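Some notes on the structure that comes next.
In this chain, numbering begins with 1 at the start of the sequence shown. A quick note: this is a predicted structure, and the numbers were derived from the prediction, not measured.
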Amino acid sequence: MQERRRIILQRLEEYGSVKVNELSSEFGCSEVTIRSDIRALEKEGKLSRTHGGAVRKEEEGGVIHYRAESLYRNVELKKQIAACAYEFIEDRDTIIIDDASTSFYLAVYIKEQPEKHLAIVTNSLLAANELSGLSHVELFMVGGHVGGHLAATMGEIAEDSMAKFHVDKAFIGVHSINFDAGLTSIATPQMQVKQAIMKTTDKVFVLADSTKFGGGYLSIICPIKFVYKIITDQQVSKQNVIRAERESVPLVIAKRPE
């Protein structure tokens, strides 16, 4: 029970709101149980109940103020990973960039490197804002319902829209990398969009700083064998490097800037 409630709060921290029916499906328990959890957490002052779900406590005037702590966490490491990922992109490539925070820094890096002309598909409003209006980028924005702590399109419309593209390479972030389970996600909508992205290309690059290895999860995106490269930073543990080598996981470690 405590673990379930901890994850509910984690979901709120990352996505701003939760729905009873989605939590019930993901935890494999009744909606009555989820509502009981939400009521208990509300009594503790940790969230505010809504019709069919809950929102973070700091909601004011009916407007949810989405916080983006993940965007400003491990920034230098994410920038190193983004720079490394850029080296795998060729001039005239078609690529997809998802709504992950490290993917955002790849968009920023591309913005600052006009020598490669690219066609880019994204569901991230933040990435699209960085890439729009650039002479070296032809930008395609995926439609759909806008949500998430880093605003992005998701849901059936986004998945159907994504299915209409075929790109050379896709760059995605994940909640965690579990050598036994695979790439993981903490929420079904994000998981489904990432699965849709993976169907558009034969080369999936996972951008994941060293804190992403291990940890808990709710949803599995796919086994690691479906990934072309995992790009991480130099703080990745020796244990994880050895495990990756033993299991033939294509791990690339980004270099620190000289």
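Side-chain contact check for Lys229 versus Val204: every heavy-atom pair is 4.5 Å or farther apart. Side chains of Lys19 and Glu31 form no contact here, defined as non-hydrogen atoms less than 4.5 Å apart. Contact annotation: the side chain of Leu131 approaches that of Ile110 to within less than 4.5 Å [non-hydrogen atoms, C-beta and beyond]. Residues Val121 and Thr94 fail the side-chain proximity criterion, which asks for heavy atoms closer than 4.5 Å. Looking at heavy atoms from C-beta onward, Ile177 lies out of side-chain contact with Thr184 at the 4.5 angstrom threshold. Contact of the Ile231 side chain with the Val206 side chain is not registered, since no non-hydrogen atoms from C-beta on lie closer than 4.5 Å. No side-chain heavy atom of Glu245 sits under 4.5 Å from any side-chain heavy atom of Leu251. Looking at Asp99 and Thr122, their side chains never come closer than 4.5 Å, going by heavy atoms from C-beta outward.
When each of Glu3, Arg5, Arg4 is paired with Ile7, the side-chain contact (heavy atoms from CB on, under 4.5 Å) condition holds for Glu3 and for no other. Of the residues listed (Asp98, Val167, Ile221), the one engaging Ile197 in a side-chain contact (heavy atoms from CB on, under 4.5 Å) is Asp98, and it is the only one. Tested against Phe205, the residues Phe226, Tyr228, Tyr86 include a single ring pair (Phe, Tyr, Trp, His ring centres under 6.0 Å) partner, Tyr228.
Of all non-hydrogen atoms in Met141 and Thr153, the two that sit nearest each other are CE-CG2, 4.2 Å. Shortest non-hydrogen contact noted between Ser30 and Ser24 is C-OG, 3.6 Å. Of all heavy-atom pairs between Ala152 and Ser124, the closest is CB-CA, 4.1 Å. Ala208 approaches Phe213 most closely through the heavy-atom pair O-CE1, 4.5 Å. Minimum interatomic distance between Ser103 and Phe171 (heavy atoms only, all atoms of both residues): OG-O, 3.7 Å. Closest approach of Ser185 to His175, counting heavy atoms only: CA-CB, 3.8 Å.
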* Asked: Do Leu183 and Ile220 pass the side-chain contact (heavy atoms from CB on, under 4.5 Å) test, and can you show the C-alpha distance, the side-chain angles, and the key distance before you say yes or no?
  -> CA-CA 6 Å; Leu183 306 182; Ile220 299 173; over 6 Å; no
* To do: Take Val18 and Ile34 through the side-chain contact (heavy atoms from CB on, under 4.5 Å) test and state the conclusion after the steps.
  => CA-CA 11 Å; Val18 294; Ile34 298 299; over 6 Å; no
* Asked: What's the verdict on side-chain contact (heavy atoms from CB on, under 4.5 Å) for Asp93 and Glu90, showing C-alpha distance, side-chain angles and the deciding distance?
  -> CA-CA 5 Å; Asp93 266 353; Glu90 304 293 334; 3.6 Å; yes
* **side-chain contact (heavy atoms from CB on, under 4.5 Å) evaluation trace for Ile8 with Leu23** => CA-CA 8 Å; Ile8 289 172; Leu23 291 171; 4.1 Å; yes
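The cationic group of Lys203 does not satisfy the cation-pi geometry with Phe88, failing either the under 6.0 Å distance to the six-membered ring centre or the 45° limit from the ring axis.
Contact check on Asp233 versus Lys255 returns no salt bridge, with no Lys/Arg side-chain nitrogen under 4.0 Å from an Asp/Glu carboxylate oxygen. With salt bridges taken as basic N to acidic carboxylate O contacts below 4.0 Å, none links Lys116 and Asp91. Ion pair Glu42/Lys46 not flagged as a salt bridge, since none of the NZ, NE, NH1 or NH2 atoms sits closer than 4.0 Å to an Asp/Glu carboxylate oxygen.
Heavy-atom neighbours of Asp202 CG from other residues, nucleotides or ligands within 6.0 Å: at or below the threshold of 12. Open room surrounds CD on Glu138; 12 or fewer heavy atoms of other groups in view lie less than 6.0 Å from it.
In summary, the side chains of Gln234 and Arg256 do present a donor paired with an acceptor at a separation below 3.5 Å, with no hydrogens or angles considered. With 3.5 Å as the limit, one finds no donor-acceptor pair spanning the side chains of Ser36 and Thr33. Remark: the Arg6 side chain and the Gln2 side chain contain no N/O donor-acceptor pair separated by less than 3.5 Å. Using modelled atom types, one finds no donor on one side chain facing an acceptor on the other under 3.5 Å when comparing Lys212 with Thr232. Between Ser237 and Asn240, the side chains place a donor N or O and an acceptor N or O closer than 3.5 Å (distance only, hydrogens not considered). Under the 3.5 Å distance criterion, with hydrogens and angles disregarded, no donor-acceptor pair is assigned to the side chains of Ser176 and Asn178.
Distance check, rounded to the nearest 0.5 Å: CD of Glu130 to OH of Tyr105 gives 10.0 Å. In this structure, CD1 on Ile97 lies 4.5 Å from CD1 on Ile120, to the nearest 0.5 angstrom. In this structure, Phe104 CZ and Lys79 NZ are separated by 9.5 Å, a value rounded to the nearest 0.5 Å. Atom OG of residue Ser101 and atom NZ of residue Lys78 lie 3.0 Å apart, to the nearest 0.5 angstrom. The structure places NZ of Lys43 at 7.5 Å from CZ of Arg39, a figure rounded to the nearest 0.5 Å. For the atom pair CG (Asn129) and CG (Leu125), the distance works out to 8.5 Å, reported to the nearest 0.5 Å.
There is no path of hydrophobic side-chain contacts, each under 4.5 Å, that joins Ile89 to Val108. Side-chain heavy atoms closer than 4.5 Å link hydrophobic residues (I, L, V, M, F, W, Y) into clusters, and following such links, possibly through other members, connects Met162 to Met154. By the rule that hydrophobic residues join a cluster once side-chain heavy atoms approach within less than 4.5 Å of another member, Leu126 and Ile96 end up as members of separate clusters. In the hydrophobic clustering of ILVMFWY residues, with side-chain heavy atoms under 4.5 Å counting as a link, Leu118 and Leu139 come out together. Transitive grouping of hydrophobic side chains (ILVMFWY, heavy atoms separated by less than 4.5 Å) keeps Val227 and Ile81 in distinct clusters.
In terms of modelled atom types and a separation under 3.5 Å, the side chain of Lys111 and the main chain of Ser132 share no donor-acceptor contact.
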